[in-house]
Participant: 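Have a look at the structure that comes next, please.
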Amino acid sequence: MKTHLVTGATSGIGAALASALTARGDRLVLIARSDARAHELQQTFATASVLVADLAAPGTLNGLGRQVDGAVDSVVHVAGAVELAPVARLRLHDWEEQLAVNLTAPAVLTREFLPHLREARGTVVFVNSSAGLSANAHWSAYAASKFGLRAFADALRAEEMEHGVRVTTIYPSRTATPMQEKVHEQEGRAYDPSRWLDPRTVAETILHALDLPVGATIPDVTVRPVVPRPGA
């Protein structure tokens, strides 16, 4: 039985991935930002271990690695935060929250679980975004956090190669998740989930990276919908 730590398992890509891993009998370690959220996750994933920590306050992640025993086969960073705004109206709180959730928390959480990952010769997966490859107007804070996450993954990959830890970054285009619905509201656009990637498609891509034979790795992969997206 393999063990996987997954963030963002309450909805979207994280929930799809956690469901797929549970269905095949793997062990889950999940992160919840409050006791109430932990209870909700435990109700959905009865066999999972749920740790309470707030990704928006990365200091709460310190010491989390000591709460898990043994090897961890993967740490998958799915959780994210987004708040669109032009730079002229960018609030400090929104800037700091996106950097905390999207960049600092994954860095701290990875550091915490590196001993477990090295023991398993495991895999770290960062669910980045197409915004981590190209920044558009109103996306400055989010894109900055995702560009930073890309750099962190590249550095980690180079450092951990000697320990057998693989690092994969997934760059999904727009995906039909609650976050995407929020983005459409902020953009003032009608939300049609059928035009975007299914979260299960991204989850399957992550599973493919996790299940590669020893000796092979996928450093980066971009996933895009096939349906034309006029005006997107």
Participant: Between Lys146 (side chain only) and Val127 (backbone N and O only), is there a donor and an acceptor less than 3.5 Å apart?
Facilitator: yes

Participant: Would one find more than 12 heavy atoms of other residues, nucleotides or ligands at under 6.0 Å from atom CZ of Arg91?
Facilitator: no

Participant: Could you pull out the closest heavy-atom pair between Ala131 and Trp139, with the gap in Å?
Facilitator: CB-CE3, 4.4 Å

Participant: Going through the checks in order, is the side chain to side chain contact (heavy atoms under 4.5 Å, CB included) test met by Tyr171 and Val221?
Facilitator: CA-CA 6 Å; Tyr171 298 95; Val221 59; over 6 Å; no

Participant: Is there a chain of hydrophobic side chains (I, L, V, M, F, W, Y, each step under 4.5 Å between heavy atoms) that links Leu28 to Leu109?
Facilitator: no

Participant: Answer with yes or no whether the hydrophobic clustering places Leu212 together with Val6; edges join I, L, V, M, F, W, Y residues whose side-chain heavy atoms lie under 4.5 Å apart.
Facilitator: yes

Participant: Is the shortest distance from a Lys or Arg side-chain nitrogen in Arg174 or Glu187 to a carboxylate oxygen in the other one below 4.0 Å?
Facilitator: yes

Participant: What verdict does the side chain to side chain donor-acceptor pair (under 3.5 Å) test give for His39 and Ser34, after you've listed the backbone C-alpha separation in whole Å, the side-chain angles of each residue and the deciding distance to 0.1 Å?
Facilitator: CA-CA 9 Å; His39 178 72; Ser34 66; over 6 Å; no

Participant: Are Leu197 and Val125 co-members of a hydrophobic cluster defined by side-chain heavy atoms under 4.5 Å apart?
Facilitator: yes

Participant: Check whether any side-chain heavy atom of Asp73 sits under 4.5 Å from a side-chain heavy atom of His116, and report yes or no.
Facilitator: no

Participant: Decide, yes or no, whether a salt bridge links Glu185 with Lys182 under the criterion of side-chain N to carboxylate O below 4.0 Å.
Facilitator: no

Participant: Heavy-atom count around His208 NE2 within 6.0 Å, excluding the residue itself: above 12?
Facilitator: no

Participant: Return yes if a side-chain donor-acceptor contact under 3.5 Å exists between Ser74 and His4, otherwise no.
Facilitator: yes

Participant: Taking side-chain contact (heavy atoms from CB on, under 4.5 Å) as the criterion, tell me which of Ile218, Thr205, Thr123 meets it with Leu210.
Facilitator: Thr123

Participant: Tell me, please, which residues at least two apart from Phe45 pass ring-ring contact (aromatic ring centres under 6.0 Å, His included).
Facilitator: none

Participant: Using the rule that two of Ile, Leu, Val, Met, Phe, Trp, Tyr join whenever any of their side-chain heavy atoms come within less than 4.5 Å, decide whether Ile13 and Val183 are in one cluster.
Facilitator: no

Participant: Regarding Asp211 and Lys2, does a basic nitrogen lie under 4.0 Å from an acidic carboxylate oxygen?
Facilitator: no

Participant: Phe152, Leu5: one ILVMFWY side-chain cluster at the under-4.5 Å cut-off?
Facilitator: yes

Participant: Please evaluate residues Gln180 and His184 with respect to the criterion side chain to side chain donor-acceptor pair (under 3.5 Å), reporting the C-alpha separation (whole Å), side-chain torsions for both, the decisive distance (0.1 Å), and the verdict.
Facilitator: CA-CA 6 Å; Gln180 190 56 231; His184 275 66; 3.1 Å; yes

Participant: When you measure from the side chain of Thr169 to the backbone of Phe126, do you find a donor-acceptor pair of N or O atoms at a distance under 3.5 Å?
Facilitator: no

Participant: Taking 4.0 angstrom as the limit, do Arg118 and Glu160 come out as a salt bridge?
Facilitator: yes

